[in-house]
Peer 1: 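Quick one: the structure is below, questions incoming.
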Amino acid sequence: MFIIIAFGLLGAALSYALAVIWKLNLERSRTTTLLDIGLRLSSTIKRKELLEIIMATTARTLRAEGSSIILVDEKTKELYFEVATGEKNEEVKQIRLKAGEGIAGLVASTGESVLIADVSKDTRWSNRVSAKVKIPTRNMICVPVRSNGKTLGVLQVINKKGKRAFNGQDLRLLELISSPAAIALENMLLYEALLESMENLRITTAAKERMESEMKIAKEIQYSFLPGERLRTEEIDLNACLIPAREVGGDFYHFIQLDEDRLLVCLGDVSDKGMPAALFMSGLMIWIKAKASGHHSPAAIIGQINREISNEDSTMFATIFLAILNTKTGKMIYCDGGHCTPYVLSGNQISELHGVKSLPIGIFADTEYTDCEIQLHSGDSIVLYTDGITEAENANGEWFGTERLRQALQHATDKSPAIITEILRQEVLKFSNHFAQSDDIAMMAIKYLAHNDNIS
Amino acid sequence: MLINVEQQNEISIISLSGRLDGASMGEVEQRFLELLGQGMKQFVFDMNELEYISSAGLRVMLLAVKKTRAIAGKIALCNLNANVQEVFQISGFSTIFEIFPEREEALQFFRA
C-alpha cells in the first residue's frame, strides 16, 4: 500500500518535475524564438526586405496561413498594406483603409489588440479586405505596432494552421513580436526619411546649380552690354564699376565715344532688383546705343528712349543721368532723369551738379526733358553713382548717406578715377561691415585732362 | 509698414508709417487697388509717419498716379519728412504729385 502511495507520490513529483522542465524548456524556446526574431528583424532597414521578414517570421512563429503588416500613412492617417505573404501576395499590395476602418483600423485607432477566434460569429469583422484578398478568413489576431507612444501600424495573422483557432497565448506571442517589429519599422522609417531628405537635398542642389549657372550666364550677358570699366585718352580718364546686390541687377552705366570730340557717358538705376531689373536694364543699354548715334542732345536721347519704353500699365522705370562731353572744349551737356545728383570735383572743392530735375524714364511717354550745361576745366572730375551707395546700410540700420559720400570725395579730389571709385567702394564696404548689400551699386568717375584754358 | 485708411466724404486718406520699400510695396499696392476697386477716386497719402521710401516704393506711388489719372481722379501727398521729400525731389517725382505740408491743405486741394 505504502509502496503504491510512494510510487504515486514519486510519479506525481516526477510528472511535476517534468512539467516544470517542459515549461522551462518552453520558456527557453520562446525566449530563443523571440531573440531569433529580434535578430532577424534588425538584420535590414530596407522596406521590402523588412516587411517580408516581419511577415514570414510572424506567420511561421504563430503557425498562421497568412500574415500582414499594415502601416499607418502619417499624412492621411489611412492604413495601407505594403505586401502580404502567401500565394495571394500581389492582391493585398494596393489596399488602403480609411482611418478606423475594419479590424486593423480599430486596432490602430484604439491601440488595443483584437483576437477573433471565429470571424463568422464576430460583428467587428469587415469583409472588404478578405473579399479582396480572397482568403476565406476563419480566425485572426491583430495587434498594434507601437513605438514611442506612436502607432506605426498593426501586425495581423490570419487562420491558424490545422484545426484549432488562435488563442490567448498566440495573442501574447504576437504582441511580443510586435515590439522588435516596431523598433525595426521605426528604424526603417527613419532611414527612409533620411533617404528622402537626401534626395530632396540632391534635387534642390541640382536645381540651385542649374539656376546658378543660368544666373552666371545672365551675369555674363549683362556685363557684355557694358563697355568695360576703363577709358583712357589724352583728354579723358574714366573709371566705372558695377556691383549688383544679387548675381544680376538693374544698375547700369555706359560710355561711348561718339566721334573724335564727343564722349557720351550715362549711369542709371532701374527701379527694381534681380532678374526683372536686369532684363529692363539690358533693353535700356540697347536703346542708349541705338539713340546715341546721330547728333542728338542728351535730353533728346533720353526723351526718345522714354517714349520707346513708357507703357501705361507698367510701373517699371529707371533714373538716368546722361551727358555728352566735348573732350576738346570741356563743355558738358547733361540731362538728369530723376537720378542721384552727381558731384563735381574741382581743385580741392566738391560741389553738387545741379540742373533741371526731370522724371525718370519709363513713366509717362510725354515727359519733357531738359538739357543743362557745365564747363569743365583741366583736372576737374565728375562723379556719378546710384543710391546703392548712399543707401548702403550697416547692422545698426544706419545709411552711408550723402555726408559720408561727400567726405570720402573730399579726400579724393586730386585722385584718379580708378582711385576715386576704389575709395568709394572701400568706404561703403567698411561702413556696411559685411552687412548684406541690399541694393545694386554703380559708379563712374570721369576726369577731364585736356588743357582748355584758352577756350574757357 | 503700417497702413491706415480713413474716409472723409469722398476722399480716402491713406496714412503710411514705417518704410515703403520692396518688402512693403505689395501691401500698399493691394490696399490702394482695393480702394480703387470700391470706386474711390480721390486719394490723400499722409506720409507723416513714413520714415523712408525706396525706388521700389516710388513704383507704388507711380502706380497710384497712373491708375488715378486713368479714372480722372485726384491724388495728393502731405506731411513728407525731409528724407522722403528729398527722394521725391531728386527723382523728379515731385513734379507728378501735388505735395502739401499739412493734411488740411491737401484736403483743401480736393475741395477747390
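These numbers come from the heavy atoms of this one structure, side chains and all, not from hydrogens, waters or symmetry mates. Here is the naming used below: chain letters follow the sequence lines, and residue numbers restart at 1 for every chain.
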Peer 1: Within a 6.0 Å radius of atom CD on Glu212(A), are there more than 12 heavy atoms belonging to other residues, nucleotides or ligands?
Peer 2: yes

Peer 1: Are there over 12 heavy-atom neighbours, none belonging to Lys67(B), within less than 6.0 Å of that residue's NZ?
Peer 2: no

Peer 1: In terms of heavy-atom proximity below 4.5 Å to chain B, should Ser314(A) be classed as side chain, backbone, both, or neither?
Peer 2: backbone

Peer 1: Could you look at Val60(B) and say if it's the side chain, the backbone, both or neither that has a heavy atom under 4.5 Å from chain A?
Peer 2: neither

Peer 1: Side chains of Asn394(A) and Ser432(A): donor-acceptor distance under 3.5 Å anywhere?
Peer 2: no

Peer 1: Please classify the contact between Ser358(A) and chain B as side chain, backbone, both or neither, with a heavy-atom cut-off of under 4.5 Å.
Peer 2: backbone

Peer 1: Any idea which of Ser55(B), Gly57(B), Ser54(B), Ala70(B) has the most non-hydrogen atom pairs under 4.5 angstrom with chain A?
Peer 2: Ser55(B)

Peer 1: Report yes or no: do Tyr334(A) and Glu373(A) form a side-chain donor-acceptor pair below 3.5 Å?
Peer 2: no

Peer 1: Shorter than 4.5 Å, heavy atoms on both sides: which option in Ile96(B), Asp21(B), Val65(B), Thr95(B) has the most such pairs with chain A?
Peer 2: Ile96(B)

Peer 1: Judged by modelled atom types alone, do Glu352(A) and Thr341(A) share a side-chain donor-acceptor pair under 3.5 Å?
Peer 2: no

